[in-house]
Amino acid sequence: MITYEKTIKHTRILNPMKRFQEEKLTFEYRTDSLTRRNTTVIKEMMSYMKRYLTSDEVWLNGLAERTRANCPFCPERVKEKTPMFTPDFLKEGRIYVDEATVIPNLLGHAERSILVVLSKEHYLKLNDFIPKLIFNGFKGGLVYLKRLGEIEPEICFPTFVFNYLPPAGSSVFHPHMQVLARDRPFYLTTLLLEKSKAYLENCRSNYWSDLISKERDGTRYLFENNGVQWLVPFAPLRGINEVQAIVEGKSNLLELSSEHWLGLAEGLSKILQFYHGEGYASFNAILVSGPMNKHLDYFDVNLKVISRPGIQSHCFTDAWALPYLLWDGEAIEEPEILAEKIRKFTRQTS
Ligand SMILES: [Zn+2]
């Protein structure tokens, strides 16, 4: 059974912005219901931090223009400047799905690491990430994974990763996605798999199904799309506009139907449009899978997406010591308030 734990703490200061009147600050410690990791929800932090999260349009457009000149992913250079698969893996060298181009990574983050160039456009605002563009990227990644499974079935842990724009860690401006595949899971996947297995053993049910049942129609629930459930986590991992999706009853990416992939693409596009409306330009997302060679009753494929700081001369980053080195979570806004904002946005746009 899923339980939510929350402890509220206060401190008092004399605030110089309010003629040194006494002010009470609130800190809410929330425990993640699966991993037991703490996230501190700091009320009012969003209003303090928002100025660093939006972009200077002139600065952003200037950077887009400057990086276009030598971009290896732009259509006029992609065939000359990007790596190809070796003929034993794929005799055509690259995979094409409509606008999406799948290529090996020049220097990746895993023993099998590929890039999916998502668009012919060099720069996309977040509301330009239409479902078809994301869907074709997913399809390209899936074609690669199926070929990988034929040749190296032991490399069975894939993760889809989006790092969009420099604040999200991308060295290339042009919209792209990565697929990282290894013979061993990333640490977060290991943690989720182990904790989900223990939950099944202790509670005799699937954690992810229980999570959806508990959250459905509640204050953090967003919407359902083609068997994919979207919600804001009770205790976000990174905490800036973090949204989670769960593909019900599917434990690895090869089990997903075309409808599921479309559900993921449409839902992600909707969240990115919300981010755009709030003034954000950059994001990270991960799509986490169990092993591709078996079905697990205790794990569901899931996605997380967060917005990242804006592009401006100030060079602000939200990869500060607390989440980066101390491994604790921090949310700069109550998850329930974020969920209400997204629900309002989706009601207006549907
Ligand atoms: Zn480009």
Side-chain angles (χ1 to χ4, degrees), residues 53-85 90 92-110 112-144 159-180 261 264-265 268-269 271-273 275-276 279-287 305-313 315-317 319:
L53 304 182
T54 52
S55 295
D56 176 332
E57 284 295 316
V58 174
W59 195 270
L60 174 57
N61 291 332
L63 191 59
E65 218 36 62
R66 284 196 300 282
T67 53
R68 193 191 309 270
N70 291 311
C71 173
F73 296 167
C74 272
E76 62 273 25
R77 275 177 295 271
V78 72
K79 287 192 173 161
E80 282 71 47
K81 297 285 184 186
T82 62
M84 294 170 71
F85 293 106
L90 187 81
E92 298 85 1
R94 299 187 181 97
I95 299 163
Y96 298 97
V97 179
D98 202 352
E99 266 193 66
T101 305
V102 181
I103 54 175
N105 210 331
L106 196 57
L107 190 61
H109 303 278
R112 298 291 174 267
S113 173
I114 64 154
L115 288 168
V116 184
V117 180
L118 292 169
S119 71
K120 294 195 188 315
E121 289 294 320
H122 178 69
Y123 165 54
L124 295 178
K125 293 180 176 161
L126 294 189
N127 63 337
D128 294 328
F129 280 80
I130 57 172
K132 186 169 176 246
L133 181 139
I134 302 171
F135 180 68
N136 288 336
F138 284 154
K139 266 168 72 178
L142 192 60
V143 171
Y144 168 76
T159 309
F160 283 29
V161 175
F162 291 83
N163 302 316
Y164 185 56
L165 297 189
S170 176
S171 57
V172 178
F173 211 84
H174 198 115
H176 62 282
M177 182 191 92
Q178 301 187 42
V179 178
L180 310 176
W261 287 108
L264 283 166
L268 183 56
S269 174
I271 300 303
L272 296 181
Q273 291 190 28
Y275 286 173
H276 173 81
Y280 306 116
S282 173
F283 75 100
N284 288 111
I286 53 170
L287 179 62
V305 54
I306 55 174
S307 70
R308 298 305 299 271
I311 291 187
Q312 41 179 274
S313 58
C315 283
F316 173 80
T317 176

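Counting convention: from 1, in listed order, for ligands and their atoms alike. We number each residue from 1, following the sequence as shown.
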Legend entry - Mutual orientation of the aromatic rings belonging to F283 and F129 [parallel < 30°, tilted 30-60°, perpendicular > 60°]: perpendicular
Inset, instruction - Identify, by name, the N, O or S atom of H122 lying closest to the Zn ion (ligand 1). - result: ND1
Inset, instruction - Determine the interplanar angle of the H122 and H174 rings, folded into 0 to 90°, and report it as parallel if under 30°, tilted if 30 to 60°, perpendicular if over 60°. - result: perpendicular
Inset, instruction - Dump the intermediate steps for salt bridge (Lys or Arg N to Asp or Glu O under 4.0 Å) on D98 and K132, then the final yes or no. - result: CA-CA 10 Å; D98 202 352; K132 186 169 176 246; 2.8 Å; yes
Inset, instruction - Would you give the angle at the Zn ion (ligand 1) between C74 atom SG and C71 atom SG, to the nearest 10°? - result: 120°
Inset, instruction - Looking at H174, pick out the N, O or S atom nearest to the Zn ion (ligand 1) and give its name. - result: ND1
Inset, instruction - Would you mind reporting whether M177 and F160 have side-chain heavy atoms less than 4.5 Å apart? - result: yes
